[in-house]
Amino acid sequence: TFWTSAMHCNLGYIARDLTGNKAGNEVCWDKVPLPSYGYSMYGFSLIPGREAVVEEPYYHPEYLECQEKPLTKKLLDHFCPMAGHYPAGLLNLSDWGHGPAKGTKRYEDVLKCEAKLDIPNWSTTSNYPVHRPNEGNYIDVMKPFVGPITTYTTLAAQIEQGTIDVAGVLGEGFARMA
């Protein structure tokens, strides 16, 4: 997905921090039971066969099988949704999260990682939050499309007008057939 691709380097460093001394060559996460619920939105699980959860409990002692430190709500709230990759107010969201502090080693390490993956070309230097899957190959799949950011209101109007246009074309076609 766009989120995991754009956040790849940030997520990697957070994972290293949480793993701590439990890092190794052994596969670990296969020993940790899955929660009974799936990723949920608006009371519905997006994972087939798993129940919905209204609010994530953020308490997973089972994860400590593979992590030295727990993943906390405080860490997620600070970091999410995009580690500060977009300015406050974009798409009416007041907070896009916070990445590493500028000038720190972690900040420099994340930038180096992103540069290796060519991420700055489409995430930290982009003001385009929507990407199309046919824009390129491999990591370039997330390059921004050309054009201005649209607002929800503009998009809704364009979709509505598009629906009217399609209905008109269909109506003409049916009229010719009659």
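Only a predicted model underlies this, so the values are computations on that prediction, with no experimental measurement involved. Side chains are part of it too, since the values below use all heavy atoms of this structure and drop only hydrogens, waters and symmetry mates.
- When every heavy atom of I47 is checked against every heavy atom of G38, the shortest pair comes out as CG1-CA, 3.7 Å.
- Cluster annotation: L46 and Y42 are assigned to the same hydrophobic cluster (Ile/Leu/Val/Met/Phe/Trp/Tyr, side-chain heavy-atom contacts under 4.5 Å, transitive).
- Y13 and M7 sit in two unconnected hydrophobic clusters of ILVMFWY residues. Membership requires side-chain heavy atoms under 4.5 Å apart, directly or through other members.
- When T72, D77, L76 are each tested for a side chain to side chain contact (heavy atoms under 4.5 Å, CB included) with K74, only one passes: T72.
- Follow the hydrophobic side-chain contacts under 4.5 Å out from L75 and you never reach V110; the two are in separate clusters.
- Considering SG of C9 and CD1 of I14, their distance stands at 11.5 Å, rounded to 0.5 Å.
- With S45 contributing its side chain and R50 its backbone, the two residues share a donor-acceptor pair below 3.5 Å.
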Report task. List the steps and the verdict of side chain to side chain contact (heavy atoms under 4.5 Å, CB included) for L117 and E114. Result -> CA-CA 5 Å; L117 297 175; E114 290 176 340; 6.0 Å; no
Side chains of residues 97-106: which donor-acceptor pairs under 3.5 Å do they make with residues two or more places apart or in other chains?
| residue | atom | partner | partner atom | Å |
| --- | --- | --- | --- | --- |
| T104 | OG1 | A101 | O | 2.7 |
| T104 | OG1 | Y107 | N | 3.2 |
| K105 | NZ | D109 | OD1 | 3.2 |
| K105 | NZ | D109 | OD2 | 3.0 |
| R106 | NH1 | D17 | OD2 | 2.9 |
| R106 | NH2 | D17 | OD1 | 2.9 |
| R106 | NH2 | D17 | OD2 | 3.4 |

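- The hydrophobic cluster containing Y63 does not contain Y37, counting ILVMFWY residues as joined when their side-chain heavy atoms lie under 4.5 angstrom apart, directly or transitively.
- Shown here for S40 and A52, the closest heavy-atom pair between the two residues is OG-CA, 3.3 Å.
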Please tabulate, for side-chain N and O atoms in residues 22-36, each donor-acceptor pair with protein atoms closer than 3.5 Å (sequence neighbours left out).
| residue | atom | partner | partner atom | Å |
| --- | --- | --- | --- | --- |
| K22 | NZ | L64 | O | 2.3 |
| K31 | NZ | V27 | O | 3.1 |

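- Q67 CD to L18 CG: the interatomic distance, rounded to the nearest 0.5 Å, is 5.0 Å.
- Both Y58 and L71 are members of a single hydrophobic cluster when ILVMFWY side chains are connected at heavy-atom separations under 4.5 Å.
- Counting non-hydrogen atoms of other residues, nucleotides and ligands closer than 6.0 Å to NE2 of H60 gives a total above 12.
- Here the CZ atom belonging to R176 is positioned 5.5 Å from the CD atom belonging to E172, to the nearest 0.5 angstrom.
- Between N21 and E68, the shortest heavy-atom distance links the atoms N-OE1, 2.9 Å.
- More than 12 heavy atoms of other residues, nucleotides or ligands shown are found within 6.0 angstrom of CG on D165.
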